[in-house]
Amino acid sequence: MMAETAIEIQIHSNLLGISPADWDACAEPLAGGGTRPTDPFTTYRFLKALEDSGSVGPGTGWQPQYVTAHSDGGMIAAAPLFAKGHSQGEYVFDHNWAHAYENAGGRYYPKLQIAVPFTPVSGRRFLVKSGFEEIGQAALLQGALQLAKNNQMSSVHATFCTEEEVQVGKQLGLLHRTGQQFHWVNEGYQDFDAFLASLSSRKRKNIRKERERARAFGGEIKCYSGDDIRPEHWDAIWTFYQETGSRKWGTPYLTRAFFEIAHATLRDDILLVLAERHGSPVAGAMNLIGTDALFGRYWGCIEHHPCLHFEVCYYQAIDWAIQKGLKTVEAGAQGEHKLARGYLPVTTHSLHWMADEGFSDAVARYLVAEREAVAEEIEVLTSYGPFRNTKQEDHE
């Protein structure tokens, strides 16, 4: 009977036409009142902060086209969908695909992207109310594909989706792509020393030396969350964010207004780790907090000190996660240097649809080889992990 239910698809150019309760009922279908979201990035308040701050919308290359599915007058599913005028801020890079398509005479942009902007964090991209999983996911994907076809767009991409969503996408003919990140996993450690005890002797000694060097910067490191976060902390975070952006990619994606809105609506979801001297931050990192995971997002500094980046971004995050009983720390995209610091490689997933059949076939052949290469690299890197039961175990 469920398969015969009439489904209405709606496209929204902003969130104003969607109630927060309806969206979050799809984003967090099993969450009770006051429960911390599993994935803070797909909540209404996070996406609304991006929109209200001008981080997405006109002039950004990220134009909201949120897709919702409705049955019997109620919203049963939603997806953060954007029309993209470029491939920036996605972290699943398709620049080569764009160049190849345009060199062949095609027009790659605009395309459709199902994603959380500027956020390389895996999670549900097809947000569905409990009990509507199968029909809701299919409806959202079909709605996105139809939107692309109606507007003669080159492609649809769902990045950092779940393995379960990959299976739904493959049944509808989408292509599967894999990548890798480095995550720390809490094996029930009682404290940071217990985590260190699980490492090989050399890695354990190296981390202790790095922490000592980092703490020699001349101040103290503090963690702030919820009401402990003060407005002036965001001044520091904005400065750090701009400094990192200017060194790595030019123009930062988020506007200053995003951080002001974050203080008002997101601070309970945020952990700031600040290195302070005489009460003034000289370096810091911003993390978001999920039910089971801590998500590292932004780091920056106005002074460079040995190993301070490792301490503020990685070791403080591990320490905090152990204290709070979180299962994982996800420290963002890329970075094989994380391996020596207790973070192991994991597979990430994305889905892709190309309107041009010939181009789709070429991409499909490429993805077969890429998936094999990614799997092999993860296997090799895991074998070189820092833990005592790996092939690289040190002899004391």
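Index from 1, following the sequence. Note that the structure is predicted; figures quoted are calculated from it, not measured.
With sequence neighbours left out, Asp292 forms a side-chain contact (heavy atoms from CB on, under 4.5 Å) with Lys327. Qualifying side-chain contact (heavy atoms from CB on, under 4.5 Å) partners for Ala27, counting only residues two or more places apart in sequence or in other chains: Trp23, Asp24, Thr42, Leu127. Annotation: ring-ring contact (aromatic ring centres under 6.0 Å, His included) contacts of Phe182 (sequence neighbours excluded): none. A search for salt bridge (charged side-chain N to carboxylate O under 4.0 Å, His left out) contacts involving Asp52 returns Lys48, not counting sequence neighbours. Residues satisfying the salt bridge (charged side-chain N to carboxylate O under 4.0 Å, His left out) criterion with Arg341, sequence neighbours excluded, are Glu210.
Among pairs with a residue in residues 293-317, those fulfilling salt bridge (Lys or Arg N to Asp or Glu O under 4.0 Å) read Arg211-Glu311, Arg215-Glu311, Arg277-Glu303, at least two apart in sequence or across chains. Residue pairs meeting the salt bridge (Lys or Arg N to Asp or Glu O under 4.0 Å) criterion with at least one member in residues 166-177, sequence neighbours excluded: Arg177-Glu370. Legend: salt bridge (Lys or Arg N to Asp or Glu O under 4.0 Å) pairs involving residues 217-237, not counting sequence neighbours, sorted by first then second residue: Glu220-Lys222, Lys222-Glu276, Asp227-Arg267, Arg230-Glu232, Asp235-Arg256. Within the structure, the salt bridge (Lys or Arg N to Asp or Glu O under 4.0 Å) test picks out the following pairs touching residues 77-90 (sequence neighbours left out): Lys84-Glu90, Glu90-Lys111.
Listed by chain and number, the hydrophobic cluster partners of Leu367 are Trp97, Tyr101, Tyr108, Tyr109, Leu175, Met354, Phe359, Val363, Tyr366, where partners are ILVMFWY side chains within reach of under 4.5 Å, directly or through others. Under a 4.5 Å side-chain heavy-atom criterion applied to ILVMFWY residues, the cluster that includes Ile378 comprises Val374 as well. Phe93 belongs to no multi-residue hydrophobic cluster, having no ILVMFWY side-chain contact under 4.5 Å with any other such residue.
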